[in-house]
Undergrad: 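If you scroll down you'll find the structure; I have some questions about it.
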Number of protein chains: 2
Amino acid sequence: MQAAREMFVAEGVDRVSMRKIAEKIGYSPTTIYLYFKDKNDLLAQICEETFARLTHNITAIQRLSDNPIEKLRLGLREYIQFGLKHPEQYTMTFIVPLAVGAELPFEQSNGSLAFGTLRAVVKECADANLLKDNDIEVISQTLWAAIHGLTSLLIQHGSFPFVDRETLIDNLIATLIAGLRK
Amino acid sequence: MQAAREMFVAEGVDRVSMRKIAEKIGYSPTTIYLYFKDKNDLLAQICEETFARLTHNITAIQRLSDNPIEKLRLGLREYIQFGLKHPEQYTMTFIVPLAVGAELPFEQSNGSLAFGTLRAVVKECADANLLKDNDIEVISQTLWAAIHGLTSLLIQHGSFPFVDRETLIDNLIATLIAGLRK
DNA sequence: CGAGGAAGTTAACAGTGTTAACTTACAAAG
DNA sequence: CTTTGTAAGTTAACACTGTTAACTTCCTCG
């Protein structure tokens, strides 16, 4: 998995074949199939690791503040920064569609933990009576959609003339929070 | 192109090979290469068509209102609905990364026309003095990022337990507009 | 009639994910 | 000790993929 992750990160998922991974780890190509059902399975398990790292980063940075809104802002920023810092990992985890059936049911995936951190901080904001609306699930999903959109566009559409990244990130987060706040 | 588009839409881009397209149109596989440089080129040209259709839909629906904010809302909604109605086309146009060099320079692409409709309606709002901030480019890109995020998540992450789609769409658009409005 | 070019085809290359059948090595059971 | 079972790994092969080079047809123009 470590070798595969490194190669995926360096060269992109489709340009890394099972044979190349096998060569790198000094085994024959078919050996990989003793430990992973297929390439999608290998990918899915690497994604699980990525979810865990992302969750870790977000919870860590949120400890920097006690203000619920500020914690929310920090978490959203960290999500986007994580994607920009690890574009290939973000791509394979959130953008490239895993073949149907390859992904774990959501409840059993680390993805639900990552989303849980967002839901938790939104709930904090709601409990502190800072939001116009209190449907935590709707708000959390809305926020995720928005930050995922910016992250994936910045990663992928290199030919689009984006304005300064920091400006865009700040503007998106500020707009969202302003729109949600009481 | 028509046959290729239909097959891509029906089966997904990677599950349609050049050979299958050729068989469908009754030619040998290599004939396609007389008219398109490679598969990416074929894809890019289909994407250009998609951009044009999207632009057409958005400008059409915006004629339903004279209120700048309402026009903006209608346009954003139409963008998302277009994606949900044509998920494979949206995927191949906005999600799956075209190989570098395959995509046209942005200025020459129909994509710039589509984005232009968004920029135009944002400018209308700004000119009517309805927005807190008046950096049209930043606002337009922010909005695109957010609606792209929701569209692509809804299309691709089938295993995530999303709340009702309409609720989510309305909430995102309402949040964005509330956040931008004076 | 002959040349040129457009339109299309055949055969092939180098690669892909994946499976079935085979080997090898080693540990526990009789 | 030998036998048996099993874990770990390999070889060979299948059915594909995108793509290129070289070849054939056929029609038009001089």
Undergrad: Side-chain donor-acceptor pairs under 3.5 Å in residues 172-182 of chain A, sequence neighbours left out?
TA:
from     : atom 1 : to       : atom 2 : distance (Å)
A/Thr175 : OG1    : A/Asn171 : O      : 2.7
A/Lys182 : NZ     : A/Asn129 : OD1    : 2.8

Undergrad: Please name all residues satisfying side chain to side chain contact (heavy atoms under 4.5 Å, CB included) with B/Pro87, sequence neighbours left out, ordered by chain then number.
TA: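 Applying side chain to side chain contact (heavy atoms under 4.5 Å, CB included) to B/Pro87 gives B/Ile155.
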
Undergrad: Check this for me, if you would: do B/Arg73 and B/Glu78 make a salt bridge, where the nitrogen-to-carboxylate-oxygen distance has to be below 4.0 angstrom?
TA: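 The answer is no: the pair does not qualify as a salt bridge.
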
Undergrad: Counting distance only, does the side-chain N/O of B/Lys20 pair as donor-acceptor with the main-chain N or O of B/Arg15 below 3.5 Å?
TA: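 Side chain of B/Lys20 to backbone of B/Arg15: a pair is present.
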
Undergrad: Once you round it to whole Å, what is the distance between P of D/dG9 and CE of A/Met18?
TA: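 Interatomic distance, CE of A/Met18 to P of D/dG9: 15 Å.
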
Undergrad: Can you name the ring-ring contact (aromatic ring centres under 6.0 Å, His included) partners of B/Phe162, sequence neighbours left out?
TA: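 If we apply the ring-ring contact (aromatic ring centres under 6.0 Å, His included) test to B/Phe162, skipping adjacent residues, the hits are B/Phe160.
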
Undergrad: Once you round it to whole Å, what is the distance between C1' of D/dT17 and CG of B/Asp14?
TA: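 The answer, rounded to whole Å, is 12 Å.
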
Undergrad: In whole Å, I'd like the distance from the NZ atom of B/Lys20 to the P atom of D/dC16.
TA: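 Distance, rounded to whole Å: 8 Å.
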
Undergrad: So which protein N/O to nucleotides 26-28 of chain D N/O distances come out below 3.5 Å?
TA:
none

Undergrad: Between B/Thr50 and B/Arg5, do the side chains contain an N or O donor and an N or O acceptor separated by less than 3.5 Å?
TA: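 Yes.
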
Undergrad: Checking A/Asn134 now: which residues fulfil side chain to side chain contact (heavy atoms under 4.5 Å, CB included) with it, not counting sequence neighbours?
TA: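 Expected list: A/Ala126, A/Leu131.
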
Undergrad: Please enumerate all residues that pass ring-ring contact (aromatic ring centres under 6.0 Å, His included) together with A/Phe82, with sequence neighbours excluded.
TA: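 Checked A/Phe82 against ring-ring contact (aromatic ring centres under 6.0 Å, His included); matches are A/His86.
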
Undergrad: Whether the A/Ser109 and A/Glu48 side chains hold a donor-acceptor pair (N or O, under 3.5 Å, no angle test) is what I'd like checked.
TA: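 A donor-acceptor contact under 3.5 Å links the two side chains.
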
Undergrad: Rounding to 10°, can you tell me the angle the first-five-pair axis of the helix from C/dC1-D/dG30 to C/dG30-D/dC1 makes with its last-five-pair axis?
TA: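 The value is 30°.
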
Undergrad: Only counting residues at least two apart or in another chain, list the ones meeting ring-ring contact (aromatic ring centres under 6.0 Å, His included) with A/Phe8.
TA: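 A/Phe8 satisfies ring-ring contact (aromatic ring centres under 6.0 Å, His included) with no residue once adjacent residues are dropped.
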
Undergrad: Contacts to DNA chain D from residues 24-35 of chain A, heavy-atom cutoff under 4.0 Å, which residues?
TA: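 Going residue by residue through residues 24-35 of chain A, the ones with a heavy atom under 4.0 Å of DNA chain D turn out to be A/Tyr27, A/Ser28, A/Thr30, A/Thr31, A/Leu34, A/Tyr35.
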
Undergrad: Can you name the residues that form a ring-ring contact (aromatic ring centres under 6.0 Å, His included) with A/Phe51, not counting sequence neighbours?
TA: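 Here the qualifying residues are A/Phe94.
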
Undergrad: Figure out the CG/C1' separation between B/Asp41 and D/dG18, and round it to whole Å.
TA: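 My rounded result for the distance is 14 Å.
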
Undergrad: Do side-chain atoms of B/Glu107 reach the backbone of B/Ser112 as a donor and acceptor pair under 3.5 angstrom?
TA: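 No; judged by distance alone, with no hydrogens or angles, the pair does not exist.
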
Undergrad: Could you state the atom-to-atom distance from NZ of B/Lys39 to P of D/dT19 in whole Å?
TA: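 So the NZ-P distance, B/Lys39 to D/dT19, works out to 8 Å.
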
Undergrad: Please report the distance, rounded to the nearest Å, between CG in A/Asp38 and P in D/dA15.
TA: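 The distance from CG of A/Asp38 to P of D/dA15 comes to 20 Å, rounded to the nearest Å.
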
Undergrad: For chain B and DNA chain C, what are the first and last nucleotides along the strand, 5' to 3', with at least one atom under 4.0 angstrom from a heavy atom of the protein chain?
TA: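 Span of nucleotides near chain B: C/dA7 to C/dA12.
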
Undergrad: Only counting residues at least two apart or in another chain, list the ones meeting side chain to side chain contact (heavy atoms under 4.5 Å, CB included) with A/Gln45.
TA: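 So A/Gln45 forms a side chain to side chain contact (heavy atoms under 4.5 Å, CB included) with A/Met1, A/Phe36, A/Asp41.
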
